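Following: one structure in structure tokens, then a few remarks.
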Amino acid sequence: MGQGPYALRFDPSHRTVELQQAHADLANGEERDVAVAVAGRVMTRRVMGKLAFFTLADETGPIQLFIEKATLSASMPDDPEAFAHITSLVDAGDLIGVQGTLRRTDRGELSVKVKSWQMLSKSLQPLPDKWHGLSDVEKRYRQRYLDLIVSPDTRETFRRRAVAVSAIRRWLDERGFLEIETPVLQSVPGGADARPFETHHNALDLPLTLRIATELHLKRLVVGGFERVYELGRIFRNEGISTRHNPEFTSIEVYQAYADYNDMMDLTEQLIAHVCQQVCGSTTIRYQGNEIDLTPPWRRVTMHELVKEATGLDFTAFISRAEVAEAMEAKGLAVPALADSVGRLLVEAFEQTVEADLIQPTFVIDYPVENSPLARAHRSKPGLVERFELFIVGRETANAFSELIDPVDQRQRLEAQMARKAAGDDEAQQVDEDFIQALEVGMPPTGGLGIGIDRLVMLLTDSPSIRDVIAFPLLRPESVN
RNA sequence: GGGUCGUUAGCUCAGCGGUAGAGCACUCGGCUUUUAACCGAUUGGUCCUGAGUUCGAAUCUCAGACGACCCA
């Protein structure tokens with residue numbers, strides 16, 4: 001053949017889906033004398049004497065190769081054994097390129113009638129079972145490349161993820177938002193209740209952590225005069241792994257000056273409905289058997305109302321933690337020691353009785369101040385803050401505030417967090433002096449929003465686990481032996 | 001952290017105390033309309049690891065590793 005098994009390049013004239021669409025009118029048994037060149041991976045081979053059928057798949061899908069010994073001998077005079085070579089040297093899994101014309105077989109399969117072929121890259125590993133595919137879930141994650149080769153659904157999931165991320169950025173860019181990148185390496189992790197990954201900078205001999213949120217830096221940018229900013233990027237939290245959690249995940253945070261959390265609810269439902277329309281072609285989708293209607297507007301309801309609906313307990317009537325604890329225990333609810341106030345127990349009651357049942361998109365609004373150290377005090381409800389979380393299919397999907405811009409209040413809130421940290425809550429936040437100083441310079445009233453991109457993509461791709469939407473999820477390394 | 005299930009050929013799996021199996025893939029032979037091609041032949045194993053019970057363990061017991069799911 002005179003060529004190695006790893007070619008330098010190839011010029012495809014078409015992607016397979018283009019041929020399938022452009023020649024849908026070709027009748028069974030008919031040929032069309034157009035020169036085409038396609039490249040891809042050999043998925044199946046059926047060799048019968050002097051005729052062979054291969055299935056070749058490129059990124060867009062499969063097309064059949066119609067390979068006749070007589071045709072190849074005539075069109076590749078330099079290689080009289082061309083047919084023997086393609087049928088004996090090419091295995092399923094190999095990447096090849098072919099040139100030829102089109103023919104629809106008697107059985108109706110559009111095929112490239114092969115006139116010449118080149119090996120582009122030899123596969124030394126066998127493909128997974130062509131009928132069962134990769135059903136070993138662990139192998140799907142560890143060897144995602146194999147999963148992508150054999151599972152069209154997996155390819156579609158990551159295609160949709162790319163479309164979703166692109167649509168989000170475009171939607172925001174068109175509305176005057178700027179994406180500005182903020183540090184991943186931070187000396188004071190802030191903006192969320194979470195444990196960070198710790199690392200170290202050698203030259204400065206400086207302990208650093210990976211960011212657990214982008215919030216405090218984006219707010220500094222708002223102080224600096226950028227009125228609409230966002231960042232879509234990777235966040236790291238040193239926490240457990242589950243179908244809803246991966247230690248590194250993707251979020252977007254959006255800040256809009258002169259707006260409040262009501263504006264952010266409008267923005268959230270418009271943005272997500274738009275992305276859903278772009279990715280799924282509709283704002284009504286199915287997720288794990290449930291029909292989800294993302295058509296705005298979405299239900300907006302206070303946490304107090306939801307807990308009252310679910311438990312009959314009216315938390316606005318409670319004064320002491322002791323009476324709440326007694327009432328919750330009477331309802332069979334757990335009362336954790338760390339939940340040391342009426343407000344924290346409200347959140348506990350919400351998580352235990354309401355959260356999982358919020359299937360349709362629901363803005364849960366007006367949270368207790370104790371759990372929300374970065375949100376502004378509610379304009380009319382003492383003890384609460386102007387915050388919402390968006391729940392879809394029982395999962396927290398977004399979180400937003402009217403941002404706290406009063407530096408004195410902010411310092412007190414973060415100091416209260418530090419006290420909790422000292423008391424053993426290792427997810428409590430800490431005071432970031434530089435951030436406080438930025439607030440002292442004066443931050444405009446601002447609405448802020450965070451959306452979990454992975455959970456949103458799970459919804460848009462009907463994926464049950466976050467690992468299905470992260471190309472390479474964190475797994476324990478395979479045993480050292 | 002707790003519970004349930006799983007780990008056997010490259011892939012998908014069966015076998016559940018008595019010689020390690022099937023289909024696909026690979027290799028070889030045959031075949032000009034197949035598409036899970038077909039027909040024939042060959043090849044392929046640390047039955048996750050370790051200990052125990054037993055005349056005998058892939059199979060039973062215990063411990064561990066890894067994974068999936070559920071719960072906290």
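Below, read A as the first sequence line, B as the second, and so on, with proteins coming before strands; counting in each chain starts at 1. Keep in mind that this is a model prediction, so the values were computed, not measured. What you see below is based on every heavy atom in this structure, not just the backbone, and it leaves out hydrogens, waters and symmetry mates.
- A straight line from CD1 of A:Ile67 to P of B:U35 spans 16 Å, rounded to a whole angstrom.
- The A:Lys139 side chain lies nearest to B:C11 when the options are B:U32, B:C11, B:C66.
- Base-pairing analysis of RNA chain B finds the following stems of at least three consecutive Watson-Crick or G-U pairs, with both pairing distances under 3.5 Å: B:1-7 with B:65-71, B:10-13 with B:21-24, B:27-30 with B:38-41, B:48-52 with B:60-64.
- Aromatic pair A:Phe363/A:Tyr261: centroids not less than 6.0 angstrom apart.
- One P atom belongs to B:U7, the other to B:G15, and the distance between them is 10 Å to the nearest Å.
- The side chain of A:Arg142 approaches B:C66 more closely than any other nucleotide in the set B:C66, B:C31, B:C69.
- Side-chain N/O atoms of A:Tyr367 and A:Asn399 include no donor and acceptor closer than 3.5 Å.
- The interatomic distance linking A:Arg103 (CZ) with B:U35 (C1') rounds to 15 Å, in whole Å.
- Residue-to-nucleotide proximity on RNA chain B shows that, of A:Leu51 and A:Arg45, the 5′-proximal contact is made by A:Arg45.
- In the set B:G10, B:U32, B:A37, B:G10 carries the atom at the smallest distance from any side-chain atom of A:Pro126.
- A:Glu109 has its CD atom 21 Å from the P atom of B:U32, to the nearest Å.
- Between B:C69, B:G67, B:U33, one nucleotide has an atom nearer to the side chain of A:Phe53 than all others, and that is B:U33.
- Out of B:U35, B:C69, B:C66, the shortest distance to the side chain of A:Arg46 is found at B:U35.
- Sequence order on RNA chain B of the closest nucleotides to A:Ser88 and A:Thr105 puts A:Ser88 first from the 5' end.
- Rounded to the nearest Å, the gap between the C1' atom of B:C39 and that of B:C55 is 46 Å.
- As rounded to whole Å, 12 Å separates atom C1' of B:C26 from atom CG of A:Leu127.
- When the nucleotides B:U33, B:A37, B:U35 are ranked by their closest atom to the side chain of A:Gln64, B:U35 comes out on top.
- The side chain of A:Val47 lies closest to B:C31, out of B:U35, B:C26, B:C31.
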CA sep, side-chain torsions, deciding dist, call: A:Arg46, A:Glu109, salt bridge (Lys or Arg N to Asp or Glu O under 4.0 Å): CA-CA 14 Å; A:Arg46 296 173 290 281; A:Glu109 189 76 35; over 6 Å; no
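- The separation of B:G18 from B:G10, taken at their C1' atoms, amounts to 30 Å, rounded to a whole angstrom.
- A:Asn246 CG to A:Arg234 CZ: the interatomic distance, rounded to the nearest 0.5 Å, is 9.0 Å.
- Residue contacts for A:Lys69: at a heavy-atom cut-off of 4.0 Å it reaches no nucleic acid atom on any strand shown.
- For A:Tyr141 and B:C66, the OH to C1' distance is 15 Å, given to the nearest whole Å.
- The same atom, P, is picked in B:G23 and in B:A41; the two are 10 Å apart, to the nearest Å.
- Atom P of nucleotide B:U27 and atom CG of A:Leu89 are separated by 10 Å, given to the nearest angstrom.
- Heavy-atom contacts from other residues, nucleotides or ligands closer than 6.0 Å to CZ of A:Arg195 number 12 or fewer.
- Side-chain contact annotation: A:Asp293 with A:Gln360, donor-acceptor N/O pair under 3.5 Å absent.
- In terms of modelled atom types and a separation under 3.5 Å, the side chain of A:Lys331 and the main chain of A:Thr311 share a donor-acceptor contact.
- The separation of B:C66 from B:C60, taken at their P atoms, amounts to 23 Å, rounded to a whole angstrom.
- Of the P atoms belonging to B:G21 and B:C70, the separation is 38 Å, rounded to the nearest Å.
- One P atom belongs to B:C28, the other to B:U42, and the distance between them is 16 Å to the nearest Å.
- Without hydrogens or angle criteria, A:Lys50 side chain to A:Lys69 main chain gives no donor-acceptor distance under 3.5 Å.
- Counting to the nearest Å, the P atom of B:U35 and the CD1 atom of A:Ile63 are 18 Å from each other.
- The listed nucleotides are B:C11, B:U33, B:U32; the one nearest the side chain of A:Pro128 is B:C11.
- Separating the NE2 atom of A:His245 from the P atom of B:C69 is a distance of 14 Å, rounded to the nearest angstrom.
- Geometrically, A:Arg144 does not engage A:Phe472 in a cation-pi contact, judged by NZ or CZ lying under 6.0 Å from the ring centre and within 45° of the ring axis.
- Comparing the same atom, C1', in B:C48 and in B:A37 gives a spacing of 37 Å after rounding to whole Å.
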